[in-house]
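All values reported here derive from a predicted model rather than from experimental measurement. The figures here come from the full heavy-atom set of this structure, side chains too, leaving out hydrogens, waters and symmetry mates.
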Amino acid sequence: QVQLVESGGGLVQAGGSLRLSCAASGRTFSSLTMGWFRQAPGKERELVAAILRIGGSTFYADSVKGRFTISRDNAKNTLYLQMNSLQPEDTAVYYCAAFASDYVSLRAVGSWGQGTQVTVSS
């Protein structure tokens, strides 16, 4: 298993930017497919972005394409989510996740971070 700790959440005005970080420990970070999920009140947890352990291919939900960028620094065992042009609809708790396989889905998550709140005001 891997332990994940998120940071970087906060309050930002619409149009602003935030960068979330996820520090990993407990196993080889570079061997993991990683991702970010988010969950707003009353809504299901949804996959925002993912980056594969092999090749670094990325996936983005349609709602964040062109605005969010997922990246990883294997030397620092850290996952990032750069969020630009934030909108109120992006308000949610954001969770870092390590997948147990290369199938990037909610059921494939092996480890979760504690979550970090992102609030975007109008």
Side-chain angles (χ1 to χ4, degrees):
Q1 66 177 20
V2 60
Q3 187 171 55
L4 306 172
V5 180
E6 303 100 331
S7 62
L11 176 65
V12 65
Q13 289 185 283
S17 299
L18 285 173
R19 186 179 70 175
L20 305 183
S21 298
C22 173
S25 62
R27 65 173 295 166
T28 304
F29 175 74
S30 62
S31 70
L32 299 170
T33 292
M34 303 292 296
W36 290 95
F37 289 78
R38 68 184 181 187
Q39 187 166 24
K43 295 186 178 180
E44 297 180 355
R45 188 169 298 188
E46 63 177 349
L47 179 64
V48 176
I51 183 165
L52 301 187
R53 62 183 176 90
I54 301 175
S57 297
T58 57
F59 164 84
Y60 297 95
D62 289 341
S63 59
V64 306
K65 284 182 179 178
R67 300 189 297 120
F68 291 11
T69 303
I70 188 171
S71 62
R72 65 194 301 162
D73 188 334
N74 290 336
K76 296 182 178 180
N77 289 343
T78 303
L79 178 74
Y80 301 98
L81 184 67
Q82 178 66 45
M83 304 184 293
N84 298 326
S85 301
L86 284 163
Q87 301 298 314
E89 309 88 78
D90 297 315
T91 295
V93 176
Y94 284 71
Y95 298 91
C96 176
F99 294 93
S101 73
D102 290 332
Y103 181 55
V104 290
S105 70
L106 184 63
R107 296 185 65 181
V109 174
S111 300
W112 292 99
Q114 296 180 20
T116 185
Q117 177 71 47
V118 172
T119 302
V120 184
S121 62
S122 300

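Note that CH2 of Trp36 and OH of Tyr60 are 12.5 Å apart. Values are rounded to the nearest 0.5 Å. Between Leu11 atom CG and Leu18 atom CG the span is 8.5 Å, to the nearest 0.5 Å. Of the inter-residue distances, the one linking Leu32 atom CG with Arg53 atom CZ reads 8.5 Å to the nearest 0.5 angstrom. Rounded to the nearest 0.5 angstrom, Leu4 CG and Gln114 CD are separated by 10.0 Å.
Residues Leu20 and Val118 form a side-chain contact, since some pair of their non-hydrogen atoms from C-beta on lies under 4.5 Å apart. Inter-residue side-chain proximity for Met34 and Phe29 is flagged as met; some heavy-atom pair is nearer than 4.5 Å. Side-chain contact between Asp90 and Arg67: present, with at least one pair of heavy atoms (C-beta onward) separated by less than 4.5 Å. Contact check for Arg38 versus Leu81: no side-chain heavy atoms found under the 4.5 Å cut-off.
Surrounding CD of Gln3 are at most 12 heavy atoms belonging to other residues, nucleotides or ligands under 6.0 Å away.
No chain of hydrophobic side-chain contacts below 4.5 Å, direct or via other Ile, Leu, Val, Met, Phe, Trp or Tyr residues, connects Tyr80 to Tyr94.
Checked by atom type and distance alone, the side chain of Glu46 never pairs as donor or acceptor with a backbone atom of Glu44 at under 3.5 Å. Between the side chain of Thr91 and the main chain of Val120, a donor-acceptor pair closer than 3.5 Å is present.
Here disulfide (SG to SG under 2.5 Å) pairs that include residues 4-97, with residues two or more places apart or in two chains, are Cys22-Cys96. For the side chain to side chain donor-acceptor pair (under 3.5 Å) condition, the pairs that include at least one residue of residues 5-23, sequence neighbours left out, are Ser17-Asn84.
Taking all atoms of both residues into account, the shortest heavy-atom contact from Ile70 to Thr58 is CG2-CG2, 3.7 Å. Taking every heavy atom of both residues into account, Ser101 and Thr33 meet most closely at O-CB, 4.0 Å. Nearest heavy atom pair, residue Ala92 against residue Ala40, reads CB-N, 3.8 Å. Scanning both residues, Leu79 and Ser71, for their nearest heavy atoms gives CD1-O, 3.3 Å.
Annotation for Trp112: hydrophobic cluster partners, listed by chain and number, are Phe37, Leu47, Leu52, Phe59, Val93, Tyr95, Phe99, Val104, Leu106, Val109 (ILVMFWY side-chain heavy atoms under 4.5 Å, direct or chained).
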